[in-house]
Amino acid sequence: MAQPRQRITQERAIGGGPARLIVMEGPQAGQKFKIDGDVVIGRAIDSTVVLEEPEVSRSHLRITRSHGGPYMIEDMGSRNGTLVNGIPIQKQFLAFGDKIQVGPRVLLLFAPFDPIEDQLLQRQRLEALGRVGAGVAHDLNNMLGAISASIDFLGRLPPERPVGSADVRDSVADIRTALSQASELARGILKFARGRSRGHALVDISAVCHEVIRLAQHTFDRAILLEQEITPNLVVSGDQAELHQVIMNLCLNARDAMPEGGTLRIRADLVEQPGERARVCITIEDSGCGIDAETRARIFEPFFTTKTEGAGFGLGLSTARDVVNMHGGQIEVDSAPERGTSFFLYLPASTGQPLPVRVTSGHRELRPKSSKSALILLVDDEEVVRRSTARLLRQAGHEVLEAPGGKEATHIYASGARFPDLVILDLDMPYLNGEQTQRVILTIDPRARILFMSGHEDFIRDSSTSIGNAAGYLRKPCNVALLLSTVMDVLLTEPGSFDRKEDRTRPGVGFGTES
């Protein structure tokens, strides 16, 4: 009987698109998880979908899908088994509408995913990005002005003025401060603009709140006083990009409610009540104009807005409510005219620790371990970036070969008398990007050491297979200490550690191959 059932299920499953899992019963009832490909469901924190239920195995079941075809579900040897529509299974096809029992207390519904939800999230993200644009331009202009003034001052100094004089050191320090602030602002904007759903996982919501506050400090008018009270290490199960978007949108609404200035308070703490699951409560409170009862009754309706024509689509709060509901939480509002507004986000608290962002040599400042020089191939399509970076590397005693793109880099790598000891490779280049160039270089020399550099804040690419196989990753801009210490760390700690006494030559030149 098992074989006919599988054939029927396959026929029903063919033609399905992206799917979602809806928790019907269990501690996370109400949560929804988008899936479009292979996912592992279990209690382990590195599962694609984390179910916080003791009777669920660490890696309980797998759902796979090949080349847009039907979904397949497979039990991964769980201790309590997996049932589909009440029947124990080992491996079979899934169809929309199937109910999946994971252990004794968790019931999931396998349902189609509505792509309109993704489109609404993206539209709302773009709307929010536009609303912070003026603040971004203002702060960047201030920082560029400080850099320009300092450079002009240095350029007008007499040639005999020593580099170590106080006014020169002060000017350089001001340039570094302005660059650091501009870099932090650009990184926050890129992270918010490029944020995309990566599925549910354990999220440090305290860290998310701090990220939103940092962005607000750069982009909000100085007449708005920002206050925060964030309990550290608050963890929820959810989609980090979506939660960041919800909190940021509520802060933007608070800012708009205080055109003449005021106070914006952000709090996050744990709420525990006897007999109930602990919840994380995030409060966004403003001292603005407040909301009357009639408007308050409609603020979560899609396309309802009190803003002027063209100032918004009326999607922010309806999207926020939907996202919070999909995370098994609630959103509440307390407001009255001239009394300000408070939004309360309640999300089910989780146990365990989120997986840390993969940290490579390029993310931490290291003390150089040696003064040895190396042959470095530097690849970057921006000439000014390539030239200035090469200047620093040469100043540190390294020999540097420069390439303006991937094609030139692979030619240099293949045709030189010996292989470079290290390749510093920009990720985003025309024709051959960084990852494509890496693959070509590794076919020439499987032992190649590659250090990626990029100005993008993109966790998905940062954790990709190609970049994961590299020796490290540096985010632009990086200071000279970080650059040089990372270079030396990669040269000394990778397999087959760097040693000037064994220069790595091309096959047929120095490896003792037969002619």
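Small disclaimer: the values here were computed from a predicted structure and weren't measured.
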- List the steps and the verdict of side chain to side chain contact (heavy atoms under 4.5 Å, CB included) for Ser388 and Arg391. CA-CA 5 Å; Ser388 58; Arg391 189 182 300 123; 4.0 Å; yes
- Apply side chain to side chain contact (heavy atoms under 4.5 Å, CB included) to the pair Gln438 and Phe452, showing each step before the final yes or no. CA-CA 9 Å; Gln438 179 200 38; Phe452 278 114; 3.7 Å; yes
- Under the side chain to side chain contact (heavy atoms under 4.5 Å, CB included) rule, what do Arg439 and Thr443 come out as? Steps first, then yes or no, please. CA-CA 6 Å; Arg439 287 194 287 269; Thr443 62; 5.7 Å; no
- Message: Checking Leu393 against Leu483 for the side chain to side chain contact (heavy atoms under 4.5 Å, CB included) test, could you report, in this order, the C-alpha distance in whole Å, the side-chain angles of both residues, the deciding distance, and whether it holds?
- Response: CA-CA 9 Å; Leu393 293 169; Leu483 171 67; 4.3 Å; yes
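Taking OH of Tyr413 as the reference point, atom OG1 of Thr437 lies at 13.0 Å (rounded to 0.5 Å). How far CG of Leu484 is from NE2 of His398: 6.0 Å, rounded to the nearest 0.5 Å. To the nearest 0.5 Å, atoms CD (Glu402) and CD1 (Ile424) are separated by 11.0 Å. Here the CD1-CG distance, from Ile224 to Leu264, works out to 7.0 Å after rounding to the nearest 0.5 Å. Interatomic distance, Leu378 CG to Arg386 CZ, rounded to the nearest 0.5 Å: 7.5 Å. With rounding to the nearest 0.5 angstrom, the CG atom of Asp428 is 8.5 Å from the CD atom of Glu435.
Looking only at distances, no side-chain donor or acceptor of Arg449 sits under 3.5 Å from a matching main-chain atom of Ala471. Remark: the backbone N or O of Lys407 is not paired with any side-chain donor or acceptor of His411 at under 3.5 angstrom. The main-chain N or O of Phe220 is found under 3.5 Å from a side-chain atom of Arg222 such that the two form a donor-acceptor pair. When atom types are taken as modelled, the side chain of Ser287 and the backbone of Thr263 share a donor-acceptor pair closer than 3.5 angstrom. Looking at Arg279, its side chain never comes within 3.5 Å of a backbone N or O of Val271 through a donor-acceptor pair. Using modelled atom types, no side-chain atom of Thr283 and backbone atom of Ile266 make a donor-acceptor pair closer than 3.5 Å. One N or O on the side chain of Ser206 and one on the backbone of Leu234 form a donor-acceptor pair closer than 3.5 Å.
The closest side-chain heavy-atom distance from Thr231 to Leu270 is not below 4.5 Å. Under the 4.5 Å side-chain criterion, counting only non-hydrogen atoms from C-beta, Met429 is not in contact with Asp380. Residues Asn253 and Ile284 form no side-chain contact, since every pair of their non-hydrogen atoms from C-beta on lies 4.5 Å or further apart. The closest side-chain heavy-atom distance from Tyr473 to Ser454 is below 4.5 Å. Annotation: side chain of Asn433 is not in contact with side chain of Leu427 (no heavy-atom distance under 4.5 Å). For the pair Arg267 and Glu285, the minimum side-chain heavy-atom distance is below 4.5 Å. Side-chain contact between Val323 and Gln245 is absent, with no heavy-atom pair separated by less than 4.5 Å. You'll find the side chain of Leu243 stays beyond 4.5 Å of the side chain of Val324, heavy atoms only.
Evaluated for a side-chain contact (heavy atoms from CB on, under 4.5 Å) with Ile376, the options Val487, Asp421, Leu401 yield exactly one hit, Val487. Between Ile282 and the options Asp269, Ile205, Leu250, Val208, a side-chain contact (heavy atoms from CB on, under 4.5 Å) holds for only Ile205.
When all heavy atoms of His327 and Ser237 are compared, the pair lying nearest together is CD2-O, 3.7 Å. The shortest heavy-atom contact between Asn233 and Asp204 is CA-OD1, 4.1 Å. Across all their heavy atoms, Pro162 and Val168 have their closest contact at O-CG2, 3.8 Å. The two residues Met453 and Asp426 have their closest heavy-atom pair at O-OD1, 3.1 Å. Listed here is the closest heavy atom pair of Gly238 and Val203: O-CG2, 3.4 Å. The two residues Val280 and Val235 make their nearest non-hydrogen contact at CG2-O, 4.2 Å.
By the 6.0 Å contact criterion, CZ on Phe153 is enclosed, its count of non-hydrogen atoms from other residues, nucleotides or ligands being greater than 12. Atom CD of Gln436 is surrounded by more than 12 heavy atoms from other residues, nucleotides or ligands within 6.0 Å.
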